[in-house]
A.B. asks: 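There's a structure below that I have some questions on.
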Amino acid sequence: MDKTYDPKLHEEKIYTLWEKGGYFTPKIDKNKKPFTIIMPPPNANDPLHIGHARFVAVEDVLIRYHRMKGDSTLWLPGADHAGIETQFVFEKRLKEDGKSRFDFDQNTLYQMIWKYVQENKKTMEGQLRILGASCDWTRGKFTLDPDIVKIVYKTFKKLYDNGLVYKGNKLVNYCTYCGTAYSELEVDRVEKNIPLYYVKYSNADGEFITVATTRPETIFADTHLAVNPKDKKRGKLIGTKVLNPLTNEEMEIIGDEFVDPEFGTGIVKLTPAHDFNDFEAAQKHDLPFIVAINQDGKITTIGKKYAGLTVKKAREEVVKDLQEKGSIEKIDENYKTVVGVCYRCKNTIEPMLSTQWFLKVEPLVKTAREAVISGKIKFAAQRFEKTYLHWLDILRDWNISRQIVWGIRMPVWYCSACSQTIVTDGEKPEFCSNCQSADLEQESYTFDTWFSSGQWPFATLQTTQPGDFEYFYPTSVMETAYDILPFWVMRMIMLGLYATGEVPFKEVLIHGLVRDKQGQKISKSKGNVIDPIVMAEKYGSDALRMGIVWGALVENDISLSEDNIRAQRNFANKIWNVARYITTQSIEPRAKSIEKSKDTSKQDDAWIKEELGKTIERTTVLLEDYRLNEAAEEIYDFVWHKLADVYLEKTKDRQSEAQPTLLFALQESLKLLHPFMPFVTETIWQTLKETKGVEGFFEEEALIVAKWPEVV
RNA sequence: GGACAAGUAGCUCAGUUGGUCAGAGCAUUCGGCUUACAUCCGAAAGGUCACAGGUUCGAGCCCUGUCUUGUCCACCA
């Protein structure tokens, strides 16, 4: 054994040993308990980042622990095509080459992205191996695998047939830069300083009222104003008419309680096609929906002289014109308001009237709520239960269609002859079910990525091996970051329950974010990125993983510093040297040894065994409780400060006699530490197996499948 | 405007139902190249556990209020 442990010499070999040994692939055994984690499939558009390393660290600990406990343990890996995310990344690359997505047709673009994603997927899987993920590659799935897609289609058809999916022309959150509609979850709210314009609206008699608005550029499309009917001052305006300051068309003032008399001037201009409040009010009062802004973010032809201008430009022009007419009473330049921006490109989201596919969430929300309240699904950290229920409360019908290329195209066909809509489970119908025409065209929209990944737990297990679904579903733990709780966890629960009648997982373990040394969020722009692969190469995967787990409770954010990782590298070296000492030192009594009393020796032996027992007991309890950081500290403390610092030192002059105890303590320590630091522990195990003089120890063929220690 | 966290040694964090709970790692100081490891060993220093009340025989741990920080939610033009 070398003087220091060098991860580079061992990690790759050890991983190959595991993978070739088939240890990651569980056998379905009715006499054993299954333990299943479906890996949150990393996006196949970028290399892994430090956040991925955290889920690997946490999930692999659980997986290896359960495997050693003897459960039929499945960790199912995957890759996510990550719809808009990937297209966004890919378009950036196109832009670097001076191209855009509009230079290609739908199929060509799809093929190009496909190729790009396949390469990334390979990289990503290689990185998971570097990190030591003991997942079952024979069951690996990709979200665009044909059999997965088939299941997504099936679920969609079922939802459609049950009346839970509908196509509707509604107000949606539309990003004119990404060129697609989103659900409300993809909209970020940011506070912006936007001027509030006070615009005068005159009536035929020359009297005027003032309306406050942040969006003067849509004034030409407005047909109504609104006040609160309970508003004593302005209620009497209801039914009266004023003139549109831009078009001079008559506008009626209606009454609706959504208007806050205290805000602005207590009078609101209604733009039903571009504002959620106004949309609702317009539906109630049967008002017209006039589209003022196109999906390309420019003013429509209705805007006449403003037509074709961007929203920003149009606003300037309109304000200028209104000012010339003397219609602007004042401008509050310091007004701050919250506007929706695209979570991806950060540009302003335009509420737009658009025909999209929606999922009725109400019945799904009901069962999803029930599953958690009844305890069928538990959150390891209870506080997230509240967050989850809150999300369910505010959920609206889910827009599941996206106007992007990269994704699963919706299995919907339109008849060119009679415009019949036909939904299938994937196959193109031969004829129109209504008029028998064969002239059918497929919907160009793709599914929201989360619609398919929401089906991931059952879709994967239904397409891996026969019997998998029956045996491994519902899965044991869903371990993922808190920022995708509403996007993913909530949807998996809703869709899992709908499609299978069972919960997709019994427990949700939420982990926090990885931050930098100062607790700052990690981002490329801040330049504080920690590359997990670089860290693994520098200090070893074990050190990285232990460093991550060590930091804080799983559910809390951790501040990761290189110091932290280095400390764990040192620890890996420590246990390596303990093994080195025990097996390579002369076990003959030292010349200068002092005779110790039998009693003292016995006491020392009993002490280390007792400490070991306590460590095993505590570690096991802590692991069951997902308190990985404490479990890690427990083992660290035993190995370093009890076994090495104390017992090993105390027995130096009687090593021969203490050898069985030393070997036993080392063996059990390796087992305890293995889930956290799999490479160094397995390396030692494999080395010691070959070593003479350790008969009766390290007998299992590999540590990864050695039996978890029990207290004797 | 709500919700949820967190405020404990210089730094990053543990402290599970109130009674060796005042801890760990890193950093610091002092002394050691002791034949497993200098990626090391030995020793030390360092906190009125945000603040103010309260419950209790006893409170970082429970209750009330305040302050600070962070995150999330929210259709007020």
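Per chain, numbering begins at 1; letters A, B, ... match sequence-line order.
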A.B. asks: Kindly point out which of B:A74, B:C13, B:A38 is positioned nearest to the side chain of A:Lys3?
C.D. replies: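 From the listed options, B:A38 comes nearest.
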A.B. asks: Write down the distance separating the P atoms in B:A27 and B:C41, rounded off to the nearest Å.
C.D. replies: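 Between the two P atoms, the distance is 13 Å.
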A.B. asks: Looking only at side-chain atoms of A:Lys386, point me to the closest of B:A74, B:A36, B:C4.
C.D. replies: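 Per side-chain heavy atoms of A:Lys386, the pick is B:C4.
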A.B. asks: For the side chain of A:Trp550, counting heavy atoms from C-beta on, which of B:A24, B:C41, B:U39 is nearest?
C.D. replies: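 When the side chain of A:Trp550 is considered, B:A24 is the closest of B:A24, B:C41, B:U39.
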A.B. asks: Between B:C72, B:A77, B:C37, which one does the side chain of A:Trp391 approach most closely?
C.D. replies: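 That would be B:C72.
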A.B. asks: Which pair of heavy atoms, one from A:Leu513 and one from A:Lys521, lies closest together, and at what distance?
C.D. replies: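 Taking every non-hydrogen atom into account, CD2-CE, 4.0 Å.
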A.B. asks: If you compare all heavy atoms of A:Leu353 against all heavy atoms of A:Leu171, which two are closest, and at what distance to 0.1 Å?
C.D. replies: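 So the two residues come closest at N-CD1, 3.5 Å.
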A.B. asks: Among the candidates B:G25, B:C4, B:A77, find the nucleotide nearest to the side-chain atoms of A:Ala567.
C.D. replies: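 Minimum distance to the A:Ala567 side chain belongs to B:G25.
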A.B. asks: How far apart are the closest heavy atoms of A:Pro216 and A:Val318, and which atoms are they?
C.D. replies: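 Between these two residues, the closest heavy atoms are O-CG1, 3.4 Å.
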A.B. asks: Name the nucleic acid region contacted by A:Ile267, choosing base, sugar-phosphate or nothing; use a 4.0 angstrom heavy-atom cut-off, strictly under.
C.D. replies: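 It contacts nothing in the nucleic acid.
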A.B. asks: Nearest-Å distance, CD1 (A:Ile635) to C1' (B:G25)?
C.D. replies: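 Taking atom C1' of B:G25 as the reference, CD1 of A:Ile635 is at 15 Å.
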A.B. asks: Measure from the side chain of A:Asn556, starting at C-beta and using heavy atoms only, and say which of B:A74, B:G15, B:A14 lies closest.
C.D. replies: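 Of the candidates, B:A14 comes closest.
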A.B. asks: Base, sugar-phosphate, or nothing for A:Asp260, non-hydrogen atoms under 4.0 angstrom?
C.D. replies: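 Base contact.
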A.B. asks: With respect to the side chain of A:Arg627, which nucleotide from B:A77, B:A36, B:G15 is positioned closest?
C.D. replies: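 Selected nucleotide (nearest to the side chain): B:G15.
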A.B. asks: In Watson-Crick or G-U wobble terms, both distances under 3.5 Å, what is the partner of B:G42?
C.D. replies: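 B:G42 is paired with B:C30.
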A.B. asks: From the list B:A36, B:A14, B:G25, which nucleotide is the closest neighbour of the side chain of A:Tyr636?
C.D. replies: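 The listed nucleotide nearest to A:Tyr636's side chain is B:G25.
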A.B. asks: When rounded to the nearest Å, what value does the distance between C1' atoms of B:A44 and B:U48 take?
C.D. replies: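 Each nucleotide's C1' atom is 22 Å from the other's.
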A.B. asks: If the P atom of B:A6 is compared with that of B:C62, how far apart are they to the nearest Å?
C.D. replies: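 Rounded to whole Å, the distance is 10 Å.
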A.B. asks: Less than 3.5 Å between a donor and an acceptor, one on the side chain of A:Arg566 and one on the base of B:U39, is that the case here?
C.D. replies: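 Such a pair does not exist between side chain and base.
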A.B. asks: Do A:Glu507 and A:Ile377 have side-chain heavy atoms sitting under 4.5 Å apart?
C.D. replies: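 No - every pair of side-chain heavy atoms lies 4.5 Å or more apart.
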A.B. asks: Any base atoms under 4.0 Å from A:Leu648, or only sugar-phosphate, or nothing? Heavy atoms, all strands.
C.D. replies: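 Touches a base.
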A.B. asks: Quantified in whole Å, what is the P atom distance between nucleotide B:U64 and nucleotide B:A24?
C.D. replies: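 It works out to 33 Å between them.
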A.B. asks: Looking only at the side chain of A:Phe258 (C-beta and beyond, no hydrogens), which of the listed nucleotides B:A77, B:U39, B:G42 gets closest?
C.D. replies: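 So the nucleotide nearest the side chain must be B:A77.
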A.B. asks: So, OP1 or OP2 of B:A77: does either fall under 4.0 Å of a side-chain N or O from A:Tyr335?
C.D. replies: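 Checking B:A77 against A:Tyr335, a side-chain N or O does come within under 4.0 Å of OP1 or OP2.
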A.B. asks: Given salt bridge (charged side-chain N to carboxylate O under 4.0 Å, His left out), test A:Arg369 with A:Asp393 step by step and report yes or no.
C.D. replies: CA-CA 9 Å; A:Arg369 166 186 298 282; A:Asp393 276 343; 2.4 Å; yes
A.B. asks: Would you mind telling me which of B:C13, B:A36, B:A5 lies closest to the side-chain atoms of A:Ala552?
C.D. replies: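 For the A:Ala552 side chain, the nearest candidate turns out to be B:C13.
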A.B. asks: In Watson-Crick or G-U wobble terms, both distances under 3.5 Å, what is the partner of B:A52?
C.D. replies: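 Pairing partner: B:U64.
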A.B. asks: Sticking with atom C1', work out how far B:A3 lies from B:U20, rounded to a whole angstrom.
C.D. replies: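 My reading of the C1' atoms in B:A3 and B:U20 gives 39 Å.
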A.B. asks: Is it the case that B:A36 (base atoms only) and A:Glu649 (side chain only) share a donor and an acceptor within less than 3.5 Å, ignoring hydrogens and angles?
C.D. replies: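 Answer is yes: a donor-acceptor pair is held.
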A.B. asks: Side-chain polar contacts of residues 634-641 of chain A - donor-acceptor pairs under 3.5 angstrom, sequence neighbours left out - could you list them?
C.D. replies:
{"from": "A:Glu634", "atom 1": "OE2", "to": "A:Arg618", "atom 2": "NH1", "distance (Å)": "2.5"}
{"from": "A:Asp637", "atom 1": "OD2", "to": "A:Lys642", "atom 2": "NZ", "distance (Å)": "2.9"}
{"from": "A:His641", "atom 1": "ND1", "to": "A:Asp645", "atom 2": "OD2", "distance (Å)": "3.1"}

A.B. asks: Select base, sugar-phosphate, or nothing to describe what A:Asp275 touches, counting heavy atoms under 4.0 Å on all strands.
C.D. replies: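 No contact at all - A:Asp275 keeps every heavy atom at 4.0 Å or more from the nucleic acid.
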